[in-house]
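Step one of this worksheet: look at the structure below.
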Amino acid sequence: MPAKSKAQQKAAGAALSAKRGDTNKSELKGASKGMYESMSEKQLEEFAETKRKGLPEKKG
C-alpha cells in the first residue's frame, strides 16, 4: 500500500531506518514511532518507496 502523503512517506522511511538498525529507536517521534511499533519491515518498505511526485504534503 503506497503512502498517501509526503509526511507519511517520510515517517515510514524514518521507522524503516530504525527497524534496520541504522538509527536509534529513541530518535523516533510521533507517527514514525507508532509505525515502528505497529508495522512490519515489508509494510514500511512499501510506504517508504512511494514516489513523492504528486503527493500532498499532508494527508487531507
Residues passing the side-chain contact (heavy atoms from CB on, under 4.5 Å) test with Glu46, sequence neighbours excluded, are Lys42

For Lys6, give me all partners under salt bridge (charged side-chain N to carboxylate O under 4.0 Å, His left out), at least two apart in sequence or on another chain. Glu57

Atom pairs and distances, side-chain donor-acceptor, residues 8-23, under 3.5 Å, sequence neighbours left out:
| unit_1 | atom_1 | unit_2 | atom_2 | d |
| --- | --- | --- | --- | --- |
| Gln8 | OE1 | Lys4 | N | 2.6 |
| Gln9 | NE2 | Ala48 | O | 2.8 |
| Ser17 | OG | Thr23 | OG1 | 3.3 |
| Lys19 | NZ | Tyr36 | O | 3.0 |
| Lys19 | NZ | Met39 | O | 3.2 |
| Arg20 | NE | Glu41 | OE2 | 3.3 |
| Arg20 | NH2 | Glu45 | OE2 | 2.8 |
| Thr23 | OG1 | Ala18 | N | 3.4 |

Tell me, which pairs form a salt bridge (Lys or Arg N to Asp or Glu O under 4.0 Å) where one or both residues lie in residues 24-38, sequence neighbours left out? none

